[in-house]
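Taking it in order: structure first as structure tokens, then the write-up.
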There are 2 protein chains.
Amino acid sequence: MSVQSDSTPLKPVKVALTPQERFNDYLQSRRMRNTEQRRAVLDCVFKHHDHFDADQLLERLPSKGKSGYVSRPTVYRTLGEFVDAGLLRKFVLDGRSVYEHDYGYPQHDHLYCSKCEKLIEFQSEALIKLRDEVAATHQFQVRTHRLIISGVCEDCRKGRVRVRRKVDLI
Amino acid sequence: MSVQSDSTPLKPVKVALTPQERFNDYLQSRRMRNTEQRRAVLDCVFKHHDHFDADQLLERLPSKGKSGYVSRPTVYRTLGEFVDAGLLRKFVLDGRSVYEHDYGYPQHDHLYCSKCEKLIEFQSEALIKLRDEVAATHQFQVRTHRLIISGVCEDCRKGRVRVRRKVDLI
DNA sequence: TTGAATGCAAAGGATTTGCAGAGGC
DNA sequence: GCCTCTGCAAATCCTTTGCATTCAA
């Protein structure tokens, strides 16, 4: 049900502001309020660099009844704001929306293991070049792209399976 | 709500059997039955080369009450069989499952216009090579990949907008 | 005849929305 | 105090499932 991340994260990009500072700017520019819930979700999201969906985020936040609880609708609303603010990127994997850090991390793509559901990040300058060439051929103005290569990761091929999951997306 | 296709389809690949023949083989090999509904859906799907979702297919089939009607659950079930049989490929766009011809057409990727929701197909040998190189670096066994480049198409940039739609996926 | 396929209605799962009360600014 | 935000419950959207009936082989 959840999404795994591999252990070789990308090198962070240098940024002037913390995600918190950047989000504050975003809020102020739109007359939106700096609420306890937004702060809680933002801190949770940027605590570690990985991929996650709404459910995983909810599990990491205080559960219902406890102090600091954030409701499911608010989590969804807030994630949308983070995407808007350029803090997160969102994509769809196996029917669920998956989020990853955008602010502070370079553009990249993914290898997706359909056995253990692990996402492995990679950067390729050649891919960007290829993408822009194809687009130019079609007089197409690129906004972004998403490449997912699916198959079986090294660990799973070698039998070192960490988790077994129902899968099959793309 | 629907998916548009551009007017420059890929060159078909030479194949020994018609989709119908190939599907019959598939059915027989699994002791499945050649029903009127399956024939109707298959004919409808291969009538023209484009991208479509379940709703669009239902619109193209005889509507409820008329002869030749196929129910929504059967359409979904049948599309799944076509994917299984290697006749169609399925991907997710903006929350809906979109299908395209696989049998008889070469592997390709898409430019997606977020203004008019048009999908433009393209082939790139270089992309396959790049994909396999990246995978090799990670000892990753490739099964397939999906690249969607989103942005604005030529027509929309020039103001020749055909349809206006709510969008934003990737 | 006999098991597979269909249509109906209803369930499912992820995400979104209306609204009344809570709370930033 | 005003207006945004939140949590709740319920709605939505797309897709799948249970089941009695129909039908291909």
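So you know, we letter chains A, B, ... as the sequences are listed, proteins then strands, and number each from 1. Any value given below was found using the heavy atoms of this structure, including those in side chains, with hydrogens, waters and symmetry copies removed.
Between Ile148(A) and Phe91(B) there is no side-chain heavy-atom pair separated by less than 4.5 Å.
Within the 3.5 Å criterion, the main-chain N or O of Arg33(B) finds a donor-acceptor partner in the side chain of Arg38(B).
Looking at Asp50(B) and Arg60(B), a side-chain N of the basic residue comes within less than 4.0 Å of a carboxylate O on the acidic one, giving a salt bridge. Between Asp55(B) and Arg96(B) no salt bridge is recorded (no basic side-chain N to carboxylate O distance below 4.0 Å). Under the 4.0 Å criterion applied to side-chain N and carboxylate O atoms, Glu154(B) and Lys158(B) are assigned as salt-bridge partners. Classification of Arg30(B) and Asp84(B) as a salt-bridged pair holds, one side-chain N sitting under 4.0 Å from a carboxylate O.
Between Pro73(A) and Glu81(A), the one whose closest nucleotide on DNA chain D sits nearer the 5' end is Glu81(A). For the pair Arg77(B) and Arg77(A), nearest-nucleotide mapping onto DNA chain D gives the more 5' position to Arg77(A).
Spacing between atom CD of Gln56(A) and atom C1' of dT15(C) amounts to 16 Å, rounded to whole angstrom units. Going from atom CZ of Arg72(B) over to atom C1' of dC8(C) covers 13 Å, rounded to whole Å. The CZ atom of Arg31(B) sits 24 Å away from the P atom of dC23(D) (whole-angstrom rounding). In this structure, Asp94(B) atom CG and dC13(D) atom P are separated by 14 Å, rounded to whole Å. Atoms OH (Tyr69(A)) and P (dG23(C)) sit 15 Å apart, rounded to a whole Å. Here dC25(C) presents its P atom at 8 Å from CG of Leu27(A), a figure rounded to the nearest Å. Counting to the nearest Å, the C1' atom of dC14(D) and the CG atom of Leu79(B) are 13 Å from each other. Straight-line distance from the CG atom of Leu93(B) to the P atom of dC14(D): 13 Å, rounded to whole Å.
In this structure, Ser71(A) does not reach the dC8(D) phosphate: none of its side-chain N or O atoms is under 4.0 Å from OP1 or OP2. A sub-4.0 Å separation between OP1 or OP2 of dA14(C) and a side-chain N or O of Ser97(A) is absent.
Nearest to the side-chain atoms of Val70(B) among the listed nucleotides dT15(C), dG7(C), dG7(D) stands dG7(C). For Tyr76(A), counting side-chain heavy atoms from C-beta on, the closest listed nucleotide (dT16(C), dG7(C), dC14(D)) is dT16(C).
Within residues 32-44 of chain B, the residues that place at least one heavy atom under 4.0 Å from DNA chain C are, in residue-number order, Met32(B), Arg33(B), Thr35(B), Gln37(B), Arg38(B).
Using modelled atom types and a 3.5 Å distance limit, the side chains of Gln20(B) and Asp43(B) yield a donor-acceptor pair.
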